[in-house]
Amino acid sequence: MAILVTGGTGFIGSNFVLTWAKNTDEQVINLDKLTYAANPLTMVPLEGKPNYTFVHGDICDAALLQKVFAAHHPRAVVHFAAESHVDRSITGPEAFLRTNITGTYELLQAARTFYDGLKGDEREAFRFLHVSTDEVYGTLAPADPAFHENTPYAPNSPYAASKAASDHIVRAWHHTFGLPVLTTNCSNNYGPNQFPEKLIPLMIHNGLSGRPLPVYGDGLQVRDWLFVEDHCSAIRTVLEKGRLGETYNIGGCNQRTNMDVVKALCSLLDELAPDTNGESHSRLITHVTDRPGHDRRYAIDATKIETELEWKPAETFETGLRKTVQWYLDHQDWVHTITSGEYKRWIEQNYENRA
Ligand code: NAD
Ligand code: TYD
């Protein structure tokens with residue numbers, strides 16, 4: 001038995017694969033292109049583990065995908081691989097359309113060919129789980145109800161549009177070709193192994209180095225935050241018990257403004273890594289030019305997964321954030337391997353021209 005994970009060296013995929021390989025004997029195959037977002041240090045704990053196989057490759061490569069399915073005969077695909085950063089989708093949308101749309105299409109085609117050759121119990125058990133985002137639903141006004149599975153799609157950023165397209169393609173491959181798919185739409189994740197271009201690890205990294213903490217616009221945008229391990233447990237639950245063709249919203253019921261998040265991080269840094277000068281990290285908070293098309297509020301109604309599949313998150317925002325800050329403090333070597341070269345260029349490009 002084996003599962004095929006795409007993008008398993010990235011933030012959420014690596015948390016999923018590390019937990020999977022630790023807690024089961026089942027083979028996990030990680031197919032990853034190793035883009036800038038993948039840190040080679042992340043998978044070091046799995047080196048030499050007999051139930052872990054790494055395949056370096058691109059989900060747009062149809063011939064490679066065919067070989068991987070034939071060689072490993074997976075019982076399930078868990079599809080994380082994507083370009084995932086909204087700001088990068090604004091400065092360079094093409095990679096998002098390629099990986100998130102064409103890549104998902106190629107993966108579905110390879111899965112479909114493989115599935116068509118299966119018989120009996122193997123065919124009955126096969127699953128294709130597509131990992132997606134709440135950003136496909138667009139933005140909410142302060143009093144709007146949270147996103148539920150029937151909220152109309154209204155993606156606003158190139159990232160969200162590319163994920164929305166991939167969700168629709170996955171849906172069509174179920175309805176037209178009978179591929180046994182499941183889709184999850186999750187809110188903002190945080191936790192270990194997140195690349196420090198996203199809000200929480202960027203603020204921790206900048207705070208520790210005494211650099212400005214760049215808050216876009218007024219900082220009153222709202223996100224629903226979920227600890228990454230809770231997202232992984234939800235994915236395992238959907239894989240095991242989800243109804244074919246259904247979508248499941250996943251969220252932490254933790255709506256916070258960006259300012260709330262940054263202030264909470266400053267308090268944790270003040271406690272766990274106090275500045276030698278005795279000043280609070282909050283002195284570093286700097287409002288900068290807003291993101292174009294910035295979605296104002298996301299909120300998730302997770303009633304369906306909670307009632308139908310009996311999933312609930314284990315962490316509160318406070319416990320998860322503390323664990324996250326502690327993880328970054330304990331893994332400064334992990335951060336330092338990626339905060340040179342390409343990362344420096346990105347930071348210059350994204351922040352230099354913000355007033
Ligand atoms: P990430 O950017 O940290 O990691 C993406 C991984 O995919 C990297 O390891 C990268 O090397 C790999 N990859 C990129 N292009 C590839 C290609 N063409 N072929 C093979 N591998 C490729 O992303 P993440 O934050 O871990 O997100 C994983 C998935 O979860 C994405 O599909 C994203 O849309 C979704 N999601 C993320 C969040 C979040 O808050 N981060 C929330 C909801 C959903
Ligand atoms: P991000 O982590 O990029 O996730 P997403 O855009 O997918 O929600 O950003 C989270 C929020 O934080 C979002 O409202 C943008 C904001 N933000 C900042 O204010 N400053 C920053 O430097 C970054 C990276 C994000």
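Nothing here was measured: the structure is a model prediction, and the numbers come from that model. Position 1 is the first residue of the sequence, and the numbers go up from there. Order of listing sets the numbers, starting from 1, for every ligand and every atom in it.
Connectivity analysis of hydrophobic side chains (ILVMFWY, heavy atoms under 4.5 Å, direct or indirect) links Y298 to V136, Y137, L140, F147, Y153.
A cation-pi arrangement is absent between R75 and F126, since the terminal nitrogen or guanidinium carbon is not both under 6.0 Å from the aromatic centre and inside a 45° cone about the axis.
At a threshold of 4.5 Å between non-hydrogen side-chain atoms, the residues F11 and F80 do not count as touching. Two residues are said to be in side-chain contact when any heavy atoms from C-beta on lie closer than 4.5 Å; T257 and Q221 fail this criterion.
Remark: E122 engages no residue in a salt bridge (Lys or Arg N to Asp or Glu O under 4.0 Å) (not counting sequence neighbours).
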Write none if no such pair exists; otherwise list each N/O atom of ligand 2 with its protein N/O partner under 3.5 Å and the distance.
from	atom 1	to	atom 2	distance (Å)
ligand 2	2 (O)	L199	N	2.9
ligand 2	3 (O)	R291	NH2	3.1
ligand 2	4 (O)	N188	ND2	3.4
ligand 2	6 (O)	R291	NH1	2.5
ligand 2	6 (O)	R291	NH2	3.2
ligand 2	7 (O)	E135	OE2	2.5
ligand 2	8 (O)	N188	ND2	2.9
ligand 2	8 (O)	R223	NE	2.8
ligand 2	12 (O)	N258	ND2	3.4
ligand 2	14 (O)	R223	NH2	3.1
ligand 2	14 (O)	N258	ND2	2.9
ligand 2	14 (O)	H294	NE2	2.7
ligand 2	19 (O)	Y216	N	2.9
ligand 2	20 (N)	P214	O	2.8
ligand 2	22 (O)	P214	O	3.3
ligand 2	22 (O)	Y351	OH	2.6

Show me a pair-per-line table, with atom names and distances to 0.1 Å, of protein N or O atoms that are under 3.5 Å from an N or O of ligand 1.
from	atom 1	to	atom 2	distance (Å)
ligand 1	2 (O)	S84	OG	2.7
ligand 1	3 (O)	F11	N	3.0
ligand 1	9 (O)	G10	N	2.9
ligand 1	9 (O)	D32	OD1	3.3
ligand 1	9 (O)	D32	OD2	2.6
ligand 1	11 (O)	D32	OD1	2.6
ligand 1	11 (O)	L34	N	3.4
ligand 1	11 (O)	T35	N	2.9
ligand 1	11 (O)	T35	OG1	3.2
ligand 1	18 (N)	D58	OD1	2.9
ligand 1	18 (N)	T99	OG1	3.0
ligand 1	19 (N)	I59	N	3.0
ligand 1	21 (N)	K33	N	3.1
ligand 1	23 (O)	S84	OG	3.2
ligand 1	26 (O)	F11	N	3.3
ligand 1	26 (O)	I12	N	2.8
ligand 1	32 (O)	F80	O	2.9
ligand 1	32 (O)	V131	O	3.4
ligand 1	32 (O)	K163	NZ	2.7
ligand 1	34 (O)	Y159	OH	2.7
ligand 1	34 (O)	K163	NZ	3.1
ligand 1	40 (O)	N189	N	2.9

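With respect to E83 and R98, no salt bridge is recorded, no charged nitrogen being found less than 4.0 Å from a carboxylate O. Looking at D134 and K163, no side-chain N of the basic residue comes within less than 4.0 Å of a carboxylate O on the acidic one, giving no salt bridge. Salt-bridge annotation for R322 and E271: present, with a side-chain N of the basic residue lying under 4.0 Å from a carboxylate O of the acidic one.
For the atom pair CD1 of I305 and OH of Y248, the computed distance is 8.0 Å after rounding to the nearest 0.5 Å.
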